[in-house]
Amino acid sequence: MAILVTGGAGYIGSHTVLYLNQQGEEVIVLDNLQKGHIDAVQNAKFYQGELKNESLLDEIFTSNQINSVIHFAANSLVGESVEKPLEYYENNVIGSYHLIKKMVEHNVKNIVFSSTAATYGNPVKVPIQENDPTVPTNPYGDTKLAIEKMLKWADGAYGLKSVCLRYFNAAGADPEGKIGEDHTPESHLIPIVLQAALGQRENVAIFGDDYPTEDGTCIRDYIHVLDLAAAHYLALKKLHETEESGVYNLGNGTGFSVKQVIDTCRKVTGKDIAAIMATRRAGDPAVLIASSEKAQTELGWIPKYPTLEEIVSHAWNWHKHHPNGYQK
Ligand SMILES: NC(=O)c1ccc[n+]([C@@H]2O[C@H](COP(=O)([O-])OP(=O)(O)OC[C@H]3O[C@@H](n4cnc5c(N)ncnc54)[C@H](O)[C@@H]3O)[C@@H](O)[C@H]2O)c1
Ligand SMILES: O=c1ccn([C@@H]2O[C@H](COP(=O)(O)OP(=O)(O)O[C@H]3O[C@H](CO)[C@H](O)[C@H](O)[C@H]3O)[C@@H](O)[C@H]2O)c(=O)[nH]1
């Protein structure tokens, strides 16, 4: 039996495909390559296409023996979603609707879904627990919450079992350096800081130093991309064993401010990275830190690369050797 990975040519998706290969799983990827890279897809049957292409989904589900789906394909930038909310509802919510509809029709009963810390909005407390209020402060988080709800009701009505994984900030790269992060344009903090270390940018702009945090900059919980990949595999196992749906946070439980991240990058790279102050970015909550106790207890998930130094070192290894990402 095979696993369908949507968005498998993207950053987290491609690392998960690599991890699934290492576990001996057969993998099929669907990606429209709007953001993904074909060279990031290791050892999987590849379909280039859209989530909303129902006839393509029919072909994928009929010509392969798929018993589970891991669903990464989405638009996922907080700032962009504030500017282009309708694109986010169309690609994320409507795209997922078509996928879920076709899973139900083809009797595929298990899905692991990429949700996000952005579903919580400004947390009422940290570390955040799964049953804390979900009040997104941006359209991106709202689309992910809508998909979680669609999955919940699909379980009740059609017996479609889901695990929604609310990741905090994905970072790092394959420790062996085969694949890594390449978003164009790049908007994520760690790759931007490393591009500055490589001299590809003059400096890093810090988006706001007037947040209610110790140094005034936003605090995030950075989690290694391969630890996320491992959690997807554990989530699938749990679905097969228990046939119970669930929602889990995935983070390390430690927060780092933007300034602390830049300092760690300076230490790891040995480069003098210039930083300038800029205004706040719309939609950014001040602090996001996960409690991943539930994932640890119920999925048996233990992050293998929990320190920010390791995460940045693996990312730096990738960026140093692939300064232009997947571009030849
Ligand atoms: N990067 C993070 O820190 C983070 C944190 C929390 C949640 N997430 C979620 O994880 C998932 C993966 O994130 P990522 O950083 O790897 O993003 P990414 O952009 O690198 O990967 C998404 C992939 O999906 C593909 N895609 C998008 N829309 C599609 C569609 N309609 N049909 C087919 N393919 C489509 C893109 O081409 C891309 O390859 C997303 O759902 C995102 O919301 C990411
Ligand atoms: O050039 C930059 C880029 C980012 N930041 C700041 O660095 C922090 C991290 O920003 P990222 O863009 O790296 O990540 P986000 O926290 O915005 O979002 C990420 O994590 C979220 C969950 O926490 C989402 O799921 C989303 O998909 C994913 O991109 C934020 O405070 C942001 O304002 C800067 O100061 N300068």
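Keep in mind that this is a model prediction, so the values were computed, not measured. When a ligand or atom number is given, it counts from 1 through the structure's own listing order. Keep in mind that the numbers below use all heavy atoms, side chains included, and drop hydrogens, waters and symmetry copies.
For the pair Asp155 and Lys152, the salt-bridge criterion is not met [side-chain N within less than 4.0 Å of a carboxylate O]. At a threshold of 4.0 Å, the pair Arg166-Glu130 does not count as salt-bridged, since none of the basic side-chain nitrogens sits closer than that to a carboxylate oxygen.
At a heavy-atom cutoff of 4.0 Å, ligand 2 is contacted by no atom of Ala278, backbone or side chain.
Every N/O-N/O distance between Val204 and ligand 2 stays at or above 3.5 Å. For the pair Ala205 and ligand 2, the shortest N or O to N or O distance falls below 3.5 Å. In terms of N/O distances under 3.5 Å, ligand 2 is not approached by Tyr222. Polar contact check, Leu189 against ligand 2: a nitrogen or oxygen pair lies under 3.5 Å apart. Residue Glu50 has at least one N or O atom closer than 3.5 Å to an N or O atom of ligand 1.
For atom 36 (C) of ligand 1, the closest non-hydrogen atom on the protein side is Asp31 OD1, 3.4 Å. The shortest contact between atom 29 (C) of ligand 1 and any protein heavy atom is with Asn32 ND2, 3.3 Å. Ranking protein heavy atoms by distance to atom 25 (O) of ligand 2, first place goes to Thr116 OG1, 2.5 Å. Nearest to atom 11 (C) of ligand 1 among the protein's heavy atoms is Phe72 O, 3.4 Å.
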Practice prompt. Step by step, work out the ring pair (Phe, Tyr, Trp, His ring centres under 6.0 Å) result for His15 and Tyr19.
Written response: CA-CA 6 Å; His15 283 81; Tyr19 185 86; over 10 Å; no
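At a cut-off of 3.5 Å, with distance as the only test, a side-chain donor of Tyr248 or Glu298 sits close to an acceptor on the other residue.
Listed by number with element, the atoms of ligand 1 under 4.0 angstrom from any heavy atom of Leu33 are 37 (O).
The nearest non-hydrogen atom to atom 20 (O) of ligand 2, considering only Asn169, Asn75, Ile223, comes from Asn169.
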